[in-house]
Structures are given as structure tokens and as C-alpha cells.
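Worksheet: one structure, shown below.
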Amino acid sequence: MGKDEVHLVGLARRLAMDGLLSESQAAEAATKAKSRKQPVVSYLVEERILEASAIAAAAADEFGVPLLDLSQFELELAPIDLVNQKLIQRHHALPLWQRGNTLFIGLSDPTNIAAADEIKFQTGLNTDIVVVEEDKLSRVINDIIERSEASAFDNLGDEDLDNLEVADEEDELEDPNADSSTVDDAPVVRFVNKILLDAINKSASDIHFEPYEKSYRVRYRLDGILREVATPPAAMAPRLSARIKVMARLDIAERRIPQDGRIKLNISRNRSIDFRVSTCPMVHGEKIVIRVLDPSNTQMGIEQLGMEPAQQEAFKHAISQPWGLILVTGPTGSGKTVSLYTALNMLNTSDRNISTAEDPVEIQVPGINQVNVISKVGFDFAAALRSFLRQDPDIIMVGEIRDLETAEISVKAAQTGHLVLSTLHTNDAPQTISRLMNMGIPPFNIASSVSLILAQRLARKLCQSCRVEEKISREDLLKAGFNEDELADLTTYKAGGCDECGHSGYKGRQGLYQAMTISAEMQKLILANANAGELSEQAKKEGIGDLRRAGLNKVKEGITSLEEVYRVTTE
């Protein structure tokens, strides 16, 4: 046997003997799996060389081991706590059930005797192997780990605050001007860590550190509303600023100009949280705003966004097209990024090349090519777009269309066989057309490229545990926009207040949407240089409700209050 040949053993050998793999494929899989320090089955499934179901069926038949479909198994009954989680991860083994002195464990590779032996030694129980499909096994184990991490995170106490670790970035160096006596001040370190941890626990989107002449305050933005959470002594301002800037790899000696940076905070070995940091010099010190970047917010399904059925269909239809320009509009903080990433997650498959240009990249997603634009060196959205078009793209996402050049390239890309998604800061969908015209895009190019405009706002949801029925006069309901025939069985609610919602009466937010597809009649109006009012009238004729109507529908469903709809929508 040559020195480069691999001696096939275990499941790889059986798969080759059964003809599911050639010997060369099996040898290559065994070698690469070993180099990656992962099981052969995991490698074969991840690389889509074999279906997990085919491997499981072959393994069960070959070794005479029972085959179990994990999707039909009640995992809540599994004795997960019997086996050390590190063993579950390392051996890719799942405790399924215990019968007497025997523990049945799920493995995708029944030749993994080491797993059975080590679990037997750790638990003191005999072990029996059941074959399960690798892809389902991976999902279950990942879910177990995530739940465990979340539980550990929620239970972090004061004694853990000193041990949180700020991740080092390979291309960033510690500030040489950092004064260790300032930035390593234990009380300051603990205070900043606690503020960051509490912000994540409470699902805050932003943290504001604000210095004043004789006071200092820290506020969280919770469900879109700023709330004061701490008032440290004003004398702490320079030390708090220095600590946060060192964590974000910023120059602590520079206090005259704004700076931007990022913090990656390692909560545990398997979980880290990203924060985006922005500093701005004020009269009495530096104000610092930290954006909490929670990946889970961008991984929700389309059903959780709050779209109505017709809007969902319009959205799905638009992103399923091979070309076209989809624009998401609304003010800062209205959830545009979540809507865009919901679309990208739906489109993120191995047969598509997806590239995004963002300022900056907030959430990193495997399988999507993400680029930070850097305007200071001339690498703006337009430059990123031009580069993408030379890289064989299928789908392009531009963080924001800010100028004519970016708009022109986006429109041309949409006209030449690419699906382009982007955002604009406009109040509603019809005004977006007027904005593009005012930027200098010819009406013909708008009509032939734009396929969907999605205007949106985020409204706070009433806490279902404490909402209170609200009596509103018939006249006020009609003035709000309800129709006469809606009033007969209409029940409206207002915010109450309980421990579950922090006595605010609201818990979480949901989107209000106006989904305007560009129909043939809309195209005619655009070509005739129609204004936003004329486009709005046509939208109503086509049954496209405005943002206020979307809010009223949420009031009818008892999801939010009329007061909240008034707050987030404009006539």
C-alpha cells in the first residue's frame, strides 16, 4: 500500500463496499473528515455527497442496528442530563431513553464504539446503539447546546461579570495610549459588563451613555422607547468612556472627533454577542451609543414579521423572481434590516451567489458574501456594487440607496438579470417613487426595474397578560379610519401593566407594512411623471392599504392599541 493511500475502516469502508461511494470517494471523505476533526458521516452530509437518510438506512441494515426517525421522537422525554454535554458534542451522540440499566444512544455512525464506551464509563450504565439520521441529529444537538447556553447566560450573576472576555480581532491592536489604571478599573469594568448583559437580557436594541454637567445617565431603547436604567456619578464619565473605547479598539486619547468601532463579547465558549459602538463629543464629554446586534432578530420567519397574507404573497412573489429591484422604506429603527435579512435567509441556498454591501455589516450570515463599505477610502455603496457585478452575482443587497450613482447602478443591475434589494428613507411606498425621480432616475428605468416597495413601521405589542379593554367613541373610531361595518364587533384594548412586561403594558414589537407591487397601471402613472398623491390613489384602487390601515388591522386583532398606531403612523 502506498504512503498516500488510506486504509478504509468503519462506516466509510461499508459505504464503499455497498457501492454508495467509490473507494476513492470514501478514502477522500475519511481523510478530509479527519483533517476537520469531524465524523465521516458529518462530512458526507455537509458536503452533500450522500443523503443522511441513505447513510442511516445503509448503516442500520449493514450492522443490524435499529433505525429511529428523530422527527417522530419526543425529545422532551430524552434523558439529556445523564450525559455530559461535552461528550454529546464530541461524539455526536444523543441519549434517547433509559430502560433499566441500559441507556440507548442515537448515533449516525454505529461503528463509533468509542462513544458508547465513554458514555458507559461516565454514566455507569450499559449502552445500546440506535442509528439516527445525521442532519436531524445535528439539529437536535445544536438546539440542546443553544438552550444550555441561553440558560447559562440568563443565570450569570455578579460574580461572573469580571470574567467576561472581550474577543481579540486579529487585525486590530490594543490602543498603545491606553492607561491601564483607567481602563482596568475593576468597578468600571463590572459596571460596563453589567450594563451590556442587562441590555441583552431585556432585549434592548441600543444603549445610550450620556454625560451632562452635573449628572450622567444610561438609557436602553426597549421596544423603540428610551428608558433610563442607571445614573452613575458624573465623575465616572471619563472612565466609562475610556473603558468602552478600549473594548471597541478605539483611540482613547482622541476626544475631539466621532469614532466608530465594534465589541465582540464572549459570554461563554460557544456564545458571543456583537455590539456596534459610536462615540460623539458633547459639551460635557463623549456620548456613546451602542447598538446590540442580536443575530436571532434576523432569523425569524416571514410569518413572525407581522405581514398580512396578501402582503406575504406579494413579498414571496417578488423575491422569487430572477430579477427586479425590491425597496424597503421607513425611518431608522423601523425594522428594515430584519425584513431584508428575512428575505436573504429565504434565498440563501448553495446554488445562489448572494452579496451584500452594508455600512456596517451588523449580522454575519454564513453563505452570504458581506462587505463593509468604507467611505473614507472611496469604497462606498456604488463602488461595492460595481465590484459585485464583476463577481457573477445572482442576488445583491445594498444597505441604502443614498445618491444618484448608487441608484443608477442598482436600477441597471435589476434590469440586467439580477435581484437587487435595498432601502430608502421615505415615509411610505408611493413617496419612494417620487424620491427616485427627484434623485434623477428616469421614469422609464423606475417603471421597468422596481418590482415591490415595502414601507414599514414597528408597533409595540400589547402585553397579553395585562391588556385592558378600552372604550373609544364611535366618532373617534371613524376618525381613526375604521369603516362603519367594522364597528359592530370591534373590541379595542389599551396598555395595562404587570411584572411580565415591566409595567409598561407592552411586550415586543411587530411590523406594520404597506406592500406596493408595481402593476401595469402603476407603470403607466410612473411613465406619466405622476406624483405621490396620484400613486397613492391608484394603490387604494388596487386594494393596497396604507400604514395606518395596517395598524388598524392590528388593533382589530387585539395586538396593539390605537394610541400606539397613532404614535408610529402618519396621515
Side-chain angles (χ1 to χ4, degrees), residues 203-205 220-227 300 303-312 314 328-336 338-339 426-431 453-516 532-533 536-537 539-540 542-571:
S203 299
S205 61
Y220 291 160
R221 187 173 294 279
L222 299 168
D223 293 335
I225 305 295
L226 280 170
R227 297 180 192 169
M300 62 176 64
E303 295 79 12
Q304 284 76 52
L305 292 179
M307 291 184 189
E308 294 163 18
Q311 294 171 338
Q312 280 191 34
V328 183
T329 76
T332 301
S334 60
K336 298 188 297 295
V338 174
S339 295
T426 57
N427 287 329
D428 63 12
Q431 288 185 33
I453 301 174
L454 195 69
Q456 70 177 87
R457 299 290 188 275
L458 286 177
R460 291 179 294 169
K461 296 191 294 183
L462 287 166
C463 175
Q464 298 299 303
S465 299
C466 64
R467 66 179 185 176
V468 180
E469 188 173 335
E470 182 179 23
K471 299 296 182 182
I472 302 176
S473 69
R474 176 177 172 278
E475 291 74 19
D476 287 340
L477 290 173
L478 291 172
K479 185 179 178 181
F482 285 108
N483 300 322
E484 187 76 47
D485 58 357
E486 292 179 297
L487 302 185
D489 56 353
L490 177 64
T491 303
T492 59
Y493 297 89
K494 63 180 179 179
C498 64
D499 291 339
E500 192 172 328
C501 61
H503 299 281
S504 69
Y506 295 96
K507 187 176 182 182
R509 289 189 291 176
Q510 194 170 77
L512 307 180
Y513 292 91
Q514 179 187 30
M516 189 175 89
S536 294
E537 286 301 315
K540 288 179 183 177
E542 296 180 10
I544 299 170
D546 57 14
L547 289 165
R548 172 61 61 82
R549 182 68 251 179
L552 296 180
N553 290 340
K554 294 292 187 289
V555 172
K556 285 172 61 179
E557 296 170 25
I559 292 173
T560 191
S561 64
L562 188 58
E563 179 186 12
E564 178 68 3
V565 171
Y566 274 126
R567 186 183 72 84
V568 299
T569 63
T570 55
E571 292 289 353

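What you see below is based on every heavy atom in this structure, not just the backbone, and it leaves out hydrogens, waters and symmetry mates.
Heavy atoms only, all atoms of each residue included: Gln510 and Gly306 are closest at CG-CA, 3.5 Å. The nearest pair of heavy atoms linking Gly551 to Thr560 is O-CG2, 4.4 Å. Smallest separation of non-hydrogen atoms from Val568 and Ala459: CG2-CB, 4.2 Å. Closest of all the heavy-atom pairs between Leu454 and Met307 is CD2-CE, 3.6 Å. Minimum interatomic distance between Gly496 and Val468 (heavy atoms only, all atoms of both residues): CA-CG2, 4.0 Å. Taking all atoms of both residues into account, the shortest heavy-atom contact from Pro430 to Ala532 is CB-O, 3.6 Å.
Looking at residues two or more places apart in sequence or on another chain, you find a side chain to side chain contact (heavy atoms under 4.5 Å, CB included) between Ser504 and Arg227, Cys501, Tyr506. Checked against side chain to side chain donor-acceptor pair (under 3.5 Å), Arg509 has no partners two or more places apart in sequence or in another chain. Residues forming a side chain to side chain donor-acceptor pair (under 3.5 Å) with Gln464 (at least two apart in sequence, or on another chain): Arg467. When the salt bridge (charged side-chain N to carboxylate O under 4.0 Å, His left out) test is applied to Glu475, no partner is found at least two apart in sequence or on another chain. By the salt bridge (charged side-chain N to carboxylate O under 4.0 Å, His left out) test, Arg567 is found to be paired with Glu564, residues two or more places apart in sequence or in another chain being considered. Every residue meeting the salt bridge (charged side-chain N to carboxylate O under 4.0 Å, His left out) condition with Lys507, not counting sequence neighbours, appears here in chain and number order: Glu500. When the side chain to side chain donor-acceptor pair (under 3.5 Å) test is applied to Glu484, the partners found at least two apart in sequence or on another chain are Arg474. Residues meeting the side chain to side chain donor-acceptor pair (under 3.5 Å) test with Ser339, sequence neighbours left out: Gln456, Tyr513. The side chain to side chain contact (heavy atoms under 4.5 Å, CB included) search around Thr332 returns His425, not counting sequence neighbours. Scanning for salt bridge (charged side-chain N to carboxylate O under 4.0 Å, His left out) contacts around Glu486 gives Arg549, Lys556, with sequence neighbours left out.
A donor-acceptor pair under 3.5 Å is formed between the side chain of Lys336 and the backbone N or O of Gly330. For the pair Thr329 (side chain) and Ala429 (backbone), a donor-acceptor distance under 3.5 Å is absent. Of the possible polar contacts, one joining the Gln311 side chain to the Glu308 backbone as a donor-acceptor pair under 3.5 Å is found.
In this structure, Leu458 CG and Leu512 CG are separated by 8.0 Å, a value rounded to the nearest 0.5 Å. From Asp476, atom CG reaches atom NZ of Lys471 across 14.5 Å, with rounding to the nearest 0.5 Å. In this structure, CD on Glu557 lies 12.5 Å from OH on Tyr493, to the nearest 0.5 angstrom. Taking CD of Gln312 as the start and CG of Leu305 as the end, the distance is 8.0 Å to the nearest 0.5 Å. To the nearest 0.5 angstrom, Asn427 atom CG is 11.0 Å from Gln514 atom CD. Taken from OG1 in Thr491 to CD in Glu470, the straight-line distance is 12.0 Å, to the nearest 0.5 Å.
Under the side-chain contact (heavy atoms from CB on, under 4.5 Å) test applied with Leu477, the options Leu490, Val555, Leu552 reduce to a single match, Leu490.
A 4.5 Å side-chain heavy-atom check between Leu562 and Ile472 finds at least one atom pair inside the cut-off. Looking at heavy atoms from C-beta onward, Leu478 lies in side-chain contact with Leu487 at the 4.5 angstrom threshold. Side-chain contact between Pro331 and Arg457 is present, with at least one heavy-atom pair separated by less than 4.5 Å.
The environment of Glu563 atom CD is sparse: at most 12 non-hydrogen atoms of other residues, nucleotides or ligands sit within 6.0 angstrom.
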